[in-house]
Every structure is written in structure tokens, then in C-alpha cells.
Amino acid sequence: AIFVLLLLAAATVAVDGEKHHFLMIASDDMRPEMSVYGHEYMNTPNFQGLADDGFAFRRMYVQQALCAPSRTALLTSRRPDTSRVWTIGPYFRHTTGFNWTTLPQAFKENGYRSIGHGKIFHEGNASGFPKDQDQMFGSWSVPYFHPSDTYDHYNKSHPNPVPGNKGAPRSHEAIDEPWQTFNDAKSALRAIEWINNASAYEEPFFLAVGFHRPHIPYVFPKEFQFTGDVNFPPKDYYITKDIPPCAPHDWTGEGDTYGDLRAIKPSITAHNFQQNLSSLCTAVPFEDQTAMKKSYFSCIQYIDHLVGQLISALKTNNLYDQTTIIFWGDHGYKLGEHCDWFKHDNYEDSTRIPVIVKPAKTAAHQFVQTGVMLPQLVEEVDIFPSLLDLAGISIPKDLQGTSFVPLLKNPNAQSKQMVFSQYPHHDNAKNTPVMGYSMRTDKYRYTEWLRFNCSLMDPMTDCAAKARAIPHWGEVIGVELYNHTNDPSTTFGDFENVNLAVDPNLKDLLSSLHDLLYKNWALPEQFD
């Protein structure tokens, strides 16, 4: 899922100290596979144009590779252990964040008109259903806009792909209809109306647009179909050697909810993943996975087109040069790497996201260079304070991220020495819930899987107290270590194929990395 924030000037000429409008665009489940990151086979000229005019982050990581926890982290600048949001369902206002100020709310409270479309917060209960998107707590100035149908057109040509399974959508589909009729386009076109009418309002606006693609089902207008070669299987189409059994994810349960995949015989869920991790690698025919991957690429190209429509509206209204644009994805994604799909774990491919920032040409911020790929380690909790920094708004002290604006002013500046992610799984051998606490340094990814005692769906029943939410460092179920030396962070599946934690010669390194993780993991100290 990806966010684009556009800082728009209230007039065509920016003045020192003048407020800017913001447009935030989210694209769900998009990994950094576009030309910006060296994947020239992707037709993504609008992403490329943003990067050419600004900065791309090569190593930006999410706090958890799942939509609701990730979006909560971005929009509140609080980590999952602080929000107690570790899965889709709990709403941070009902856990620890009743009085928190969200990102759009911060702009609203500082004189901006805050306007939302599509998927910004995770939909439904995770953001306050039936009036979701945090509407009841004041994140938005005007009624929130939801397009009519989240997955429109997904089933038009194959209304019933499996007998007795009426209504089950296909996992992927090219639809030969105008792009304007799709729900993501409806959100973009409504946002363009606000851009076209920006001069009619005295206050600047914070305009958010949430795209659902390329989230499965991979449904898109046919004109954006990917025409290049799709290489499948990927080179790491095998289970990571010596990985703890609790660490990998099995995608077939979710995949089986889609009619074309459910029609495969034998069932894609018939393998015994709990007893044999490698059984996942033969569960789904390559032909089906290749078609899915091609459609995923097509969805990225479609979203690039919608981003281009927004950019075109800015230029038509003479606002592009006065607009800071930040493009952000809510987590990474696997397309067959390690025989898995989707996210749901701590792999590099699941946690690394695309982020592109194009600063406005204002007197308030001067940037010497543009068109720079930044190599520093950064986290999604840093986006909230960074946008406040760019807007000249004071950064609240209780945010858990730090501004990355100094990196835009000096691309050679030092940044964080380590960043953190986590994911809850279940250890079948010990029949216990576990949490994987993962740390990425310049050279390594180190993860400890610890026993976890909090309820995911109702965390305040047993983990309201901070002592309950703190990691159980002494109850280790498994450990992972991967060497990322010489990793360009522009490829997929190259550096996490052998778990080095079992190597007895690395005992000292493991000990030092454990100490770093233990001493630097952010604890939810402000809650009891």
C-alpha cells in the first residue's frame, strides 16, 4: 500500500513561511519494483519523474508487514507494541491511542482542510467502523469519500469460475473497460477536483487518496497490461535453509479464497506446511503464479498512470513546483520468493518499501541536489514527523519517529544505525504464539522469535500494562541472521536464503546483535 503526499502551495508563487496544501495517495501492497529502483522492464514514467525531481529512499522499512499495523504506525508515528495493533481488527483509539493526534489531524489542527479518499487508514473495524477512517475522532474536515465498490470489475468476465462457488473473485483479471470506471480512478478523479478548485478556499488542504491496487485481486484496466517477460519461479524459490519453523508464512489459505486458485486440483491447501515447509513449493502450479505476477506488474503500471493524472492536474494549475510529493508503500511484498506470496513475515522483501520525495521549491526549504537515491536506513514512523518538519509545524515529542528532512538537505548525512520490524506467528511445535522481533542494520538482519502472550484481536484484555507488552527476551523460540553486505537493496530474494544463526563460528556476532536488539527495541513506556 503506498502513500503519496503532495504539498501544494496556496498560490502559484511560494513565499517564505507560507503554508502548503497536502495530497496523500496510498497504494496498497506495492513493493519497490519500478524503474526508479532499477527495474527498467516496468513502465512507470511518473514514479521515475518524481524521483528525477526529488529523492528516492533505498532502505525504508515498515514496522510490521501488514496493512492495519503498518498504516497505524505511519499515521500515528507509534510502533505496534505502543499501539497494541499487531493485526487487522483492533482500532488504536480503543487500545492505547484514544487521545493521539493522527497525521491528517495534525494538519487539520494547524489550519489545513483535511480531506480523505479511498484507503488511508485500514478500512472497517481497524479505523472505527461504521464511520471508519478515524472520522469520529476528527482526522478529517469534510465527510470521507469511499468509492462505490472496493474491487469493482474483478469478476466481470468470470462471474462463477468454480461450480458451487458463486461470487468468488478471480485472483487476477485484465478488464477491457475505461480506466476511469475503476474505483481507484474514482478516488483520483475526485482528488483532482479538489486540486482544480484549490484557489476557492482560503485555508490550505491536506488531501489524501488511497489506492487499493496492487492488492489482490490483481484487477486492472487492460490498457495497462504488462507486456514484458515474467520470470518464474524466482531464483530463491525454496525455503530458507535452517530457518526456524515458526518464521515462514504459508499464503495458500488466503489464496484459496479466490475462485481460480480454489479450482486447482488437488487443492492448493492440501500440502502439510506444518510438517514440511518445502511442501509449499509444489502447492500451486507455476503457470498460475506466473499469470498472477504479470497481473501484479500490470496493477503497478495502472497506479503509475493515476499518479500521473494527479501530477498533470498540479502542473495544469501551476502548482507542481510548489508541491512536495512523498510516495510511500505500506509494506513490501513477495511474488513467489521463498515459495510464498503476499507479506506476513519479517523478510527483507516483506518489510522494505518504496519511498519517493519531491520537495517543493519554496524559500522555507532549500535542497542542493535532486535525483538522488538515498541509502540511509529509515522507518515508516519517520514519515509523520518529516512531513510536519517540511510544513514548519512543531513535531510532538511523543512521536516515535524522527524527521528525515536533514537527509534531503544533505544526502551524505548520517541517519539511523538500525531500524525495527516485527510480526506475530504461531509455533506449531510448541503450540504457542510467538512474535518475531527483527532488526536491520547496515550489514545484517537479525530476528528473534520469542514467546508472545498478548491477544492479537483483543490486546487490552491481557496486555494493557506495559510490562505485558514488553518482549519476553528470555523465552527464545528461534533466531535468524542474514548477511546483507553488498546488498544494493534494489533486488528481491538475494540475501536471505541461508540462516546464519546456526553457524557456531558466529556466536560472538549473534551475541552483539542480540545486545543491540535488546537495548534499542522501543518499549511502550508511556502506558500502564
Check residues 281-291 and write down every donor-acceptor pair under 3.5 Å in which the side-chain atom is one partner and the other belongs to a residue at least two apart or another chain.
from: Thr282; atom 1: OG1; to: Ser279; atom 2: O; distance (Å): 3.3
from: Gln289; atom 1: OE1; to: Trp341; atom 2: NE1; distance (Å): 2.7
from: Gln289; atom 1: NE2; to: Tyr237; atom 2: OH; distance (Å): 3.1
from: Gln289; atom 1: NE2; to: Val284; atom 2: O; distance (Å): 2.9
from: Thr290; atom 1: OG1; to: Phe286; atom 2: O; distance (Å): 2.8

Could I get the full list of side-chain contact (heavy atoms from CB on, under 4.5 Å) partners for [X], not counting sequence neighbours?
X: Asp345; result: His249, Lys334, Asp340, Tyr347, Ser350, His425
X: Thr227; result: none
X: Ser171; result: Ile216, Tyr258, Asp260, Leu261, Met292

Worksheet item: Salt bridge or not for Glu379 and Arg79, using N-O below 4.0 Å?
Response: yes
Discussion item. Does this structure show an ion pair linking Asp52 with Lys358, if we count only N-O contacts that are shorter than 4.0 Å?
Written reply: no
Discussion item. According to salt bridge (charged side-chain N to carboxylate O under 4.0 Å, His left out), who are the partners of Lys293, at least two apart in sequence or on a separate chain?
Written reply: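 With neighbours one apart ignored, the set is empty.
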Worksheet item: Can you name the residues that form a salt bridge (charged side-chain N to carboxylate O under 4.0 Å, His left out) with Asp442, not counting sequence neighbours?
Response: Arg59
Considering residues at least two apart in sequence or located in another chain, which fulfil the ring pair (Phe, Tyr, Trp, His ring centres under 6.0 Å) criterion with [X]?
X: Tyr296; answer: Tyr218, Tyr333
X: His146; answer: Tyr144
X: Phe57; answer: Phe404
X: Phe224; answer: Tyr302, His305

Worksheet entry | Any residue meeting side chain to side chain donor-acceptor pair (under 3.5 Å) with Tyr444, in chain and number order, not counting sequence neighbours | none
Item to complete: Taking atom types as modelled, find out whether Ser139 and Thr102 have a side-chain donor-acceptor pair closer than 3.5 angstrom.
Response: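 On atom types as modelled, these side chains qualify, holding a pair under 3.5 Å.
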Item to complete: Among residues two or more places apart or on two chains, list those pairs meeting disulfide bond (SG atoms under 2.5 Å apart) that have a residue in residues 222-253.
Response: none
